[in-house]
2 protein chains.
Amino acid sequence: MDDRKQRVLQAVVQDYIESAEPVGSRTIARRHDLGVSPATIRNEMADLEMLGYLEHIHTSSGRIPSSKGYRFYVDGLMQPTSLTDEEKAQIDRWYLARVRRIEEVFQETARLISRVTKNVALVLAPQMTKSAFRCLQFLPLDDRRSVAVLMTDAGFIENRIVAMPSGATFEDFQRMARVVNDCLAGCTLDAIPKAAYRKIRSEISDENLYEAAIDVISCALDDTEGRERLYLGGTREMLSQPEFRDVERVKEILMMLEEEQLLKEILHAHLGEGLRVTIGRENDYKGIQDCSIVTATYHLDGELLGTIAVLGPTRMEYGKAMSLLGYMNEHLSDVVRKLGWQG
Amino acid sequence: MDDRKQRVLQAVVQDYIESAEPVGSRTIARRHDLGVSPATIRNEMADLEMLGYLEHIHTSSGRIPSSKGYRFYVDGLMQPTSLTDEEKAQIDRWYLARVRRIEEVFQETARLISRVTKNVALVLAPQMTKSAFRCLQFLPLDDRRSVAVLMTDAGFIENRIVAMPSGATFEDFQRMARVVNDCLAGCTLDAIPKAAYRKIRSEISDENLYEAAIDVISCALDDTEGRERLYLGGTREMLSQPEFRDVERVKEILMMLEEEQLLKEILHAHLGEGLRVTIGRENDYKGIQDCSIVTATYHLDGELLGTIAVLGPTRMEYGKAMSLLGYMNEHLSDVVRKLGWQG
DNA sequence: GTTAGCACTCAGGGCGAGTGAGTGCTAACT
DNA sequence: AGTTAGCACTCACTCGCCCTGAGTGCTAAC
């Protein structure tokens, strides 16, 4: 693949991404200064098609890039666009203006990404079970029940109403909380050692209370186990893409977007260190083989926290999506910190 | 308007709701046993059009109901369908199977309603400020900050990270919580009397701590003020309605559905005791003058809690929507109670 | 008052011609 | 040998046309 072929491929991909129409040799000759005539470009395009980088709907229509073509473009031809300082500042401002509660960070991230990229954004929030126990407290509710509040190192707070075993007083519960706090300090929630349970049992020394304590802990775990939350944004933006002019296609994709479990699987399958792009046919799931996904993992103090992703037609502005996710990837934890989420 | 006219109007509305096609005189004569010929029905339809109950796209197409026609149908002609015991049981089962956290009740309600009615469902969750203060507690986070947990009578729990003023210890905070709990017992959050503030001030007697306390309270209020949460369900279901065969229309309505503030306003405008139906032109907001809204308010222990609504094309199955919302209206609080939300 | 009959209307589908963007091939040019 | 101009060909798309069928409105007869 010589230099000129690459330039032609680049021109085709760029034009197609911009116009969403199959691009012909004349258009390229006019809009890109390749210094050759349309006829020559036609020959190059025929070669590129033979090599599998371009495709043809029918003999007399322009070319569109194949998955392989996009792949080559993303890996080598695309010029990386990086966000301007102004854009970065805007993102920070957006967060400060809109996010008032910890839980909103993820939703707003999804919304922000979808606005900028005009595609669907997916944000997979951290699994609570992966984070370390910080403290458990009880608040009195009435004489039979109280509210258990569980906090983890990552700053997550779960609350849940629990019944107090008959005979137990609120003071018993307070004592239980102290014991549990002592024994579980620093444990990650998905791997509480047997020894910790034994210690709790011996320290509480009341069988009824012990049962209740175990109940609270396992209940908090059950609830979040395998249930990282998924935030979605931009189904509306998506509709402005010409790929979704057809209602049937929209219905299909909306259907898929409501299958939370499926989306999580897809995200997990595509998960890897840093930025990752999966293009069209490279997707295992049939329903989105005309779509691409850009994913990035984000971290907090070196700890893997979750995934952010852009899902859109293969004709996606990869550069923009990648630079945005890259920025998020690096700075989401800063933003979160600024909002006072973590110490 | 004589009896036969009413029967004809009823037939037209029913057929149109079912088929989404303008209905003609022959169709009615065939499908409804009115005992008269199409020609007679034609005459009646012409009268109904004159009276404003029916409309005409062009001379040679069938009739469709006008807003006024739907209104007459809903108010008088429609036979109320009530849910079967099986359906009711199914709803209860759905809740028990899907709802594991208090916050999910609303989301699942929206999802359920949209599934049953094949339209968009809106659930306006209670305003925190309308409920009574129950208690405030602090959990230690680190040496400079702690987590404030605010609970109200309706069972809502808000948590928020607050900085401790320099010099204050966690014990100071605990004391502050006790004072606040004493002074605010039973107040509704949007109407805390001045006297209560004065009492807090005098009892805390430390100006710094007093500021911090006020901060926490007003912060909790700020956050939720005018910000009842809105849960949406069924944008996907909506697409199966023939009214939304056109992507532009879909885009418009999705756009509107993302304007949370606007939706809240619309819901508030339509809010009233019990079941309420607003049809087509009766809507003030132009964007949905080809849509109808059915709203119901729901209660808990006699206290107004929030609103559930169905939004769909005027050609909506009013009977179904109304009976479903009616059931929800009566039983949502039961369901919520069963899930242990409230004592 | 009801109905049959008839002329009229109009959206929607199918069909054919024309248009234009684009290709592939070949022969000439540098 | 690579590049280009020229030309025939392809094919989606649009437009106008006709036809069909569902439906109306009117009138005259029952």
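Owing to the predicted nature of the structure, the values given are computational and were not obtained by experimental measurement. Residue numbering restarts at 1 for every chain, and letters A, B, ... go by the order of the sequence lines.
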> For Glu55(A), which residues count as a side-chain hydrogen bond (donor to acceptor under 3.5 Å, both in side chains) partner, sequence neighbours excluded?
Replying inline: none
> For Glu87(B), which residues count as a salt bridge (Lys or Arg N to Asp or Glu O under 4.0 Å) partner, sequence neighbours excluded?
Replying inline: none
> Under a 4.0 Å heavy-atom cut-off, which of residues 9-17 of chain B touch DNA chain D?
Replying inline: none
>> Run through DNA chain D and report every stem of 3 or more consecutive Watson-Crick or G-U pairs, distances under 3.5 Å, ordered by first number.
In response: C:1-30 with D:1-30
> Can you name the residues that form a salt bridge (Lys or Arg N to Asp or Glu O under 4.0 Å) with Glu265(A), not counting sequence neighbours?
Replying inline: none
> Roughly how far, to the nearest 0.5 Å, is the CE atom of Met255(B) from the CZ atom of Arg236(A)?
Replying inline: 5.0 Å
>> Walk me through whether Glu237(B) and Asn119(B) qualify under side chain to side chain donor-acceptor pair (under 3.5 Å).
In response: CA-CA 6 Å; Glu237(B) 317 284 349; Asn119(B) 279 313; over 6 Å; no
Output a table of nitrogen or oxygen pairs between the protein and nucleotides 27-29 of chain C separated by less than 3.5 Å.
none

> Which nucleotides of nucleotides 8-26 of chain C have their base under 4.0 Å from a protein heavy atom (B), which only their sugar-phosphate (S), and which neither (-), written as one string 5' to 3'?
Replying inline: -BBS----------BBBB-
> Who passes side-chain hydrogen bond (donor to acceptor under 3.5 Å, both in side chains) against Glu260(A), sequence neighbours left out?
Replying inline: Lys264(A)
Report all interatomic pairs (protein N or O, nucleotide N or O of nucleotides 16-19 of chain D) with separations under 3.5 Å.
none

> Should Ile17(B) and Tyr73(B) count as side-chain neighbours, where that means a heavy-atom distance under 4.5 Å?
Replying inline: yes
> How would you list, by chain and number, every residue that makes a salt bridge (Lys or Arg N to Asp or Glu O under 4.0 Å) with Arg249(A), sequence neighbours excluded?
Replying inline: Glu252(A), Asp290(A)
> Roughly how far apart are Arg42(B) CZ and Ser25(B) OG, rounded to 0.5 Å?
Replying inline: 4.5 Å
> Less than 4.5 Å apart, any side-chain heavy atom of Ile288(B) and any of Ile253(B)?
Replying inline: yes
>> Taking salt bridge (Lys or Arg N to Asp or Glu O under 4.0 Å) as the definition, give me every residue that meets it alongside Lys5(A), ordered by chain and number, with sequence neighbours left out.
In response: Asp2(A), Glu44(A), Asp47(A)
>> Going by the rule ring-ring contact (aromatic ring centres under 6.0 Å, His included), which residues pair with Phe72(B) if we only count those two or more places apart in sequence or in a different chain?
In response: Tyr53(B)
